[in-house]
Amino acid sequence: MSGAVEIYEGAVDKGLEGVVACTTGISSIVDATLCFRGYTIEDLAAKSTFEEVIYLLWHDKLPSKEELALFRRELLAEMTLAPEVVKHLQGLPTKNVHPMAWLRTAVSSLALWDADSQKLDLENQKRIGKRLTAKMGPLVALFERTRTGKSFVAANPEKSIAWNFLNMLLGKEPDAEIVHMFDVCLILHADHELNCSAFSARVTASSMSDIYSDITSAVGTLKGPLHGGANEQVMLMLKKIGSMDAAVKWIKEALANKEKVMGFGHRVYKNGDPRAKILRKMSEEITKKTGQPHWYQMSALIDDTVQKEKGLLPNVDFYSATVYYSMGIPIDLFTPIFAVSRVSGWLAHVFEQYANNRIYRPRGKWIGKEGLKHP
Ligand code: COA
């Protein structure tokens, strides 16, 4: 470009595609195989629980029976929100407020009730980790109960994060099969290598900022429609399409207009997202169970059409939309639910970052004007 000063000579990788920004031992993606700490996502979805997966992500090993019992006890005790926190958060605006904007503020404000929020010793990292992971579900439930004028449901530390989330959100004891499905959803979303929000958490941690700041950054990043916001957009799209009959034409037109079909494509998976396969089966089962099989059928038709027309495969967001919808979860809470799970992975990433830190400071290639003089 004429007149530009070339300060940095290296190539620009827009979106950092293919750039390896750090070493990590938390989760790996090789072709269409996703592993957490060496265990495949299929194995964990079939045999583990969300609480056990959190332990695995943070400790680099599966817990013994005793270790898991202790970890669960300490973690689940942290689900309780103190009355003064509830009161403060109930005072925040909810009208015309996106739940992720509210959640970002709520996560940040939890630091104000933690006298040790700035301490970064290992013990304190794990304590804040449990605090934030356990409280994310109750925070989302509090938002929903507040905006709909319903009273807050207290956490039951005898029950899992999945059970509590559904109970606190919907205000009634959840069906055991649905709780199990939701627990599997939490496992599937728990971590995903150096995704956009985990990276932003690590960037914040790399300045040796505090954990509340790291997780607030991550919530803000997850909010975007190209990342965690896609599952909400999928359900809105399905509703807009309205019926099986309209689906193929609608999708073909969208693709012809160069619109992005939400829930498809992935920066890393070019041969399919393994989580989408598990969620597809779950979507089929749950929509049948709740008497709304058309949502799955319409999704499967769109899946076939996008594959045929554009060669793109569904990602984690595509079938999770109909799964959450069938659970009775409001559509704009789909992305906050992602945070309820992913907070565990973000924390694993910031623990890893603090343990082997160097501040992130890449370069920008100058393409602007040069040599101007103020008149
Ligand atoms: N629908 C239609 N076309 C899509 C598409 C989608 N969902 N995803 C990618 N494409 C197309 C792009 O338009 C582009 O086409 P072109 O080469 O003709 O310009 C090509 O595929 C490459 O896409 P690009 O946006 O460069 O990929 P990326 O790696 O930068 O982005 C995503 C990856 C996930 C952000 C992108 O696929 C997307 O926006 N998907 C929809 C949002 C979504 O589901 N996000 C959740 C991710 S888990």
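Both ligands and their constituent atoms are indexed starting at 1 by order of listing. Here the structure is a predicted model, which is why all the values come from computation and not from measurement.
Of all the heavy atoms of N315, the ones lying under 4.0 Å from any atom of ligand 1 belong exclusively to the side chain.
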* Asked: Is there a side-chain contact (heavy atoms from CB on, under 4.5 Å) between Y360 and C22 once you walk through the steps?
  -> CA-CA 10 Å; Y360 283 104; C22 64; 3.3 Å; yes

* Run the numbers on F338 and H192 for ring-ring contact (aromatic ring centres under 6.0 Å, His included), then give the verdict. => CA-CA 12 Å; F338 204 145; H192 207 225; 9.0 Å; no

* Any chance you could lay out the side-chain contact (heavy atoms from CB on, under 4.5 Å) test for R127 and D114, step after step, and finish with the verdict? => CA-CA 11 Å; R127 180 190 65 80; D114 184 348; 3.0 Å; yes

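Backbone and side-chain nitrogen or oxygen atoms of G263 are examined, and one is located within less than 3.5 angstrom of a nitrogen or oxygen of ligand 1.
No more than 12 heavy-atom neighbours from other residues, nucleotides or ligands sit within 6.0 angstrom of NZ on K308.
Looking from atom 4 (C) of ligand 1 to the surrounding protein, the closest heavy atom is L312 CD1, 3.2 Å. Looking only at protein heavy atoms, the nearest one to atom 33 (C) of ligand 1 is R267 N, 3.8 Å. When hydrogens are left out, the protein atom nearest atom 7 (N) of ligand 1 is V261 O, 2.7 Å; that is the closest non-hydrogen contact. Nearest to atom 15 (O) of ligand 1 among the protein's heavy atoms is K310 NZ, 4.0 Å. Among all protein heavy atoms, the one lying closest to atom 34 (C) of ligand 1 is G265 O, 3.7 Å. Here the protein heavy atom with the shortest distance to atom 24 (P) of ligand 1 is K260 NZ, 4.1 Å. Ranking the protein heavy atoms by distance from atom 42 (C) of ligand 1 puts M262 SD, 3.6 Å first. The shortest contact between atom 46 (C) of ligand 1 and any protein heavy atom is with D317 OD2, 3.1 Å.
In this structure, a donor-acceptor pair under 3.5 Å is absent between the side chains of S209 and T204.
Put simply, atom 44 (O) of ligand 1 has protein non-hydrogen atoms near it, under 4.0 Å away. Within a 4.0 Å radius of atom 10 (N) of ligand 1, the protein contributes at least one heavy atom.
In this structure, E259 is part of the shell of residues with a heavy atom less than 4.0 angstrom from ligand 1.
A salt bridge links K281 with E285; the closest basic N to acidic carboxylate O contact falls under 4.0 Å.
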